[in-house]
Amino acid sequence: MNTAVKIAGVEFKNPVTTASGTFGSGMEYGEFVDLNKLGAITTKGVASVAWPGNPTPRVTEVYGGMLNAIGLQNPGIEVFCERDIPFLKQYDTKIIVNVCGKTVEEYLAVVERLQNEPVDMLEINVSCPNVKEGAIAFGQDAKALENITKQIKKVAKQPVIMKLSPNVTRIADMAKAAEAAGADAISLINTITGMKIDIKRRKFVLANKTGGMSGPAIKPVAVRMVYEASHAVNIPVIGMGGIASAEDAIEFMMAGATMVAVGAANFINPNTTIEVVDGITEFMLRHGIQDINEIVGCV
Amino acid sequence: MNTAVKIAGVEFKNPVTTASGTFGSGMEYGEFVDLNKLGAITTKGVASVAWPGNPTPRVTEVYGGMLNAIGLQNPGIEVFCERDIPFLKQYDTKIIVNVCGKTVEEYLAVVERLQNEPVDMLEINVSCPNVKEGAIAFGQDAKALENITKQIKKVAKQPVIMKLSPNVTRIADMAKAAEAAGADAISLINTITGMKIDIKRRKFVLANKTGGMSGPAIKPVAVRMVYEASHAVNIPVIGMGGIASAEDAIEFMMAGATMVAVGAANFINPNTTIEVVDGITEFMLRHGIQDINEIVGCV
Amino acid sequence: MKICKTGIVESVSMLSPMIYDLAVTTNLKDYAVPGQFVMIYPKDKSTLLPRPISICEITETGLRFVFRIAGKGTAEFSGYKAGDSIKLMGPLGNGYDINLLKGKKVLTLGGGIGVPPMLELTKALKSQNIDVTAVLGYRDSSLFLKDDFDKYNDTVVATEDGSIGTKGNVMDAIAANNLKADVICACGPMPMLRAIKAYAEKENITAFISLEERMACGVGACLGCVAKTTKEDHHSHVNNARVCTEGPIFDSKEVDI
Amino acid sequence: MKICKTGIVESVSMLSPMIYDLAVTTNLKDYAVPGQFVMIYPKDKSTLLPRPISICEITETGLRFVFRIAGKGTAEFSGYKAGDSIKLMGPLGNGYDINLLKGKKVLTLGGGIGVPPMLELTKALKSQNIDVTAVLGYRDSSLFLKDDFDKYNDTVVATEDGSIGTKGNVMDAIAANNLKADVICACGPMPMLRAIKAYAEKENITAFISLEERMACGVGACLGCVAKTTKEDHHSHVNNARVCTEGPIFDSKEVDI
């Protein structure tokens, strides 16, 4: 039975990774799950320098999910290379580094710094709804997306995944723009912009007013977009958005995802990643699936 | 204490109506709630001729909500004028007729037929994700929205509400386009396009593949869009998307909605509309609010 | 008259693997007729839509439902305990018009989880001295509800594995026992209903069949649960009748299945 | 060591309106120290995030939590019955380092729902023969947990309405009773913590304060619950320490509140 999948020449032992920003660099969840069992770990976004992120409150709960407006707090690429990469290299799993920036130059600085680092892939965050500059501006306009993708591809030594925003009219157009510019893969969906108001205090719950919505509540939108995007391009798709079980993961794969990521579900159950890995194997056994690649886009 | 609100010169005894397609023309829910207590009834979409709608399954449940792909089954405007309007006129509530079409001409035919009918407002559905032609195509492009709005305004004898789709990159642009073309109000959000796959059968659950998502799960996205849209225009906003309680309704009003609509919650509790009406009054009493208009956009 | 109201669970028991028997004290019983269904609202906040469950029996104190676990909602119902309160809405749908069956020889056919609604109908027909025979199709020898039917008639049984009664389905049992009817009333899986529709046409008899479709509101507002009809439906005039309102019982000649 | 595991409810009781006492059998107790908290996962599927609840007492069999109903999650917890199983993760956060308090005169200050975590701390300090006085601030004469504190020290009380003890807050009680300390340990609302920070600076003593912030993961991964720090934090190097990991106990000099 084969659970391995391949994206841009990188082979993952299974199709399960973590959604950026929900798993740190794995340190915090290593107490709960065996990191060696994951197909890959996708890190929290890292910028060229340390970012303080947004004021608090940064998180709040909504029906079937949560809103976050962390604002990409991170220690910057130097600390990341010195601390997080060596930590991750202790484990038998692939490393996908999520890269963020406010300008094209900032993205390029991170990508360049990672050229000779032992990481397997880069995921470019052009879809974070919680920072004022950069980020989502690149992910909501096909031309801007194409431009930044091209420039990153010129510098990157590792395969590049463009992480797309669901806050767009036509996700297929964004997927095509990424592909046309040379992206090796796309991942989606990032969070959907939402808002919550405390009606007793007549105030926004989050200091940032809006936040990105994640959790089981957004799954149907994510599955639809993975389906639309994967049918618009020939590059592989990494699917995410509300995955909390192996059944959810399989739904995304049937919609067209070659790989899947567990996000907010880590907060709801710290063992989710491993339960998804094990559950996929069980599903394959129960349904006589020899190779997990069989089900990708089978619907 | 005042609960009345006014939109384009029409006064509603309270700010609660029904979301189109979830309440028929009120007949089916008249057994559960006193229709006289509603601010308005917004009818199921009506076209120039009868539409058969989509094949079944047309509905399915998702986490915290549902997907529907009814496809605007309706008896056409003649039957509607003969049967539904006289039914609605028996009640002391305002009538908002939701209008759908596949082409501009079809919309205009309905609007024209309603010119001398005793209905209070028209809501133009340019955002249904479940029909192949028309509908959402007008609601996902600002130019197309502006064009159809202008043409409808030329023919309409009643104030016109444009119902916007959330499946767009910038809702504020759509709101502005509607306003620029002369719309008297906007309503949002229509459903968010979603998908569900039956992984055992490897098939889409809905015959239409995708469906429109509604229910409490979409509320944060709806509140955010109501906030963004209402801050982009000067015309009133009717807010909807996951409202299941008076607290939800008040959240939408604080975000900027002058009026709110109860949708999928009717299916989850047939008394929801009245519970929202009564709950708003209780909230006003408890918080010493003299006029409900005070809280509109107060956040 | 439709009511949305809390009922109190009297008992829950397993009749067969995955098949549960739920008795509820509720005054919805006062308005119910055989063939109708009730919406039961799950308490689980992730599954918000009510579940349409057919009425198996109208009792002195309330309603009895026998259902198969098909998902999260019905799984939740199977775990209820006596004394739990549950939200119900109903009775819904048209149900059977017993007057149309008076003086006729009636066969009540139930296949699988289509067996339960036939119980109240068989009982009602018998109480009106209508000549009725229940023909029940099961997968195997787990003949849930058969004892209840035996109180009212000489039940005929078919099992897919041939362990009891005729091997095969209800149609095979009708043939094997040379049963004749003026009217058939049936509930079961779609292939069974199609076979009954064909049989009724061939024999030139009337068949009332109970259709199932995914529902949201249950009261005719959402237009989710339509069935193709041969004549124009009276709601939308498009040959799409609402299973929850014009149905679930249809004359087989009038639906395109 | 952090564990994510099911615990069994021993008892639930109301101590005061909206204030509940929940005892749970769990081996998380074996790893807990005063000042830590535990994530409790609601069963309600609409409220998915776990609730951080401070440890009130580490018992022979498990943990005791005293919390205020603040929303759907805590409302659910208040309705649990003995024997219910609940999912817990913890113990979380740094907790108090008792070694730093040895040989010192310590005041443990709790205000409102900040009272509960001071109980285990007061008890632990007493068991180490550390000189400790608990000063508890309440809204009114409903002095929840005071009897428990009285087992370990001569508790000083302040009430906002003046019905018992000093009228005012814990700071007023300190002044009225002329209490002196080498170290203050405090939990309570932000205005109280700010007053304590100012007081500690004026008196040139150390104050360990327990901060609250909205959390998602509870283990330091999501970076939701940060507090502004005066020095660069060791995780992100941006003066934003994680309340769930570097906290919830901070030296008041090191946070900007």
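Basis for what follows: all heavy atoms, side chains included, without hydrogens, waters or symmetry-related copies. Nothing here was measured: the structure is a model prediction, and the numbers come from that model. Chain naming here is simple, since letters A, B, ... match the order of the sequence lines and numbering starts at 1 in each.
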Backbone N/O of B/Cys100 and side chain of B/Asn125: donor-acceptor pair under 3.5 Å: no
Bottom line for A/Thr193: the part with an atom under 4.5 Å from chain B's heavy atoms is both
Bottom line for A/Lys203: the part with an atom under 4.5 Å from chain B's heavy atoms is backbone
Honestly, the part of A/Tyr227 sitting under 4.5 Å from a heavy atom of chain B is side chain
So CE of A/Met162 and CE of A/Met174: to nearest 0.5 Å the spacing works out to 9.0 Å
So, the part of A/Met254 with a heavy atom under 4.5 Å from chain B: the answer is both
Most contact-rich option vs chain A, by heavy-atom pairs under 4.5 angstrom, among B/Ile192, B/Ile199, B/Ile171, B/Val62, is B/Ile199
Note: vs chain B, highest number of non-hydrogen pairs under 4.5 angstrom among A/Pro216, A/Gly242, A/Gly64, A/Gly65 is A/Pro216
Given A/Val168, A/Thr210, A/Ile250, the one with more heavy-atom pairs under 4.5 angstrom with chain B than any other is A/Val168
So do A/Glu251 and A/Lys219 actually touch side chain to side chain, heavy atoms under 4.5 Å? yes
Honestly, the part of A/Leu67 sitting under 4.5 Å from a heavy atom of chain B is side chain
Exercise. Where the side chain of B/Asn269 meets the backbone of B/Ala265, is there a donor-acceptor pair that is under 3.5 Å apart?
Worked result: no
Rounded to the nearest 0.5 Å, the OG1 atom of B/Thr169 sits from the CG atom of A/Asn167 at a distance of 8.5 Å
When rounded to the nearest 0.5 Å, the distance separating CG of B/Leu164 from CD1 of B/Ile124 is 12.0 Å
Under 4.5 Å to a heavy atom of chain B? For A/Arg286 that would be neither
When the 4.5 angstrom heavy-atom criterion is applied to A/Phe252 and chain B, the contacting part is neither
B/Asn14 and B/Ile280, any side-chain heavy atoms less than 4.5 Å apart = no
Can you tell me if A/Ser127 and A/Asn190 form a side-chain donor-acceptor pair at under 3.5 Å?
yes
Counting heavy-atom pairs under 4.5 Å with chain A, the top scorer among B/Arg202, B/Glu228, B/Met253 is B/Arg202
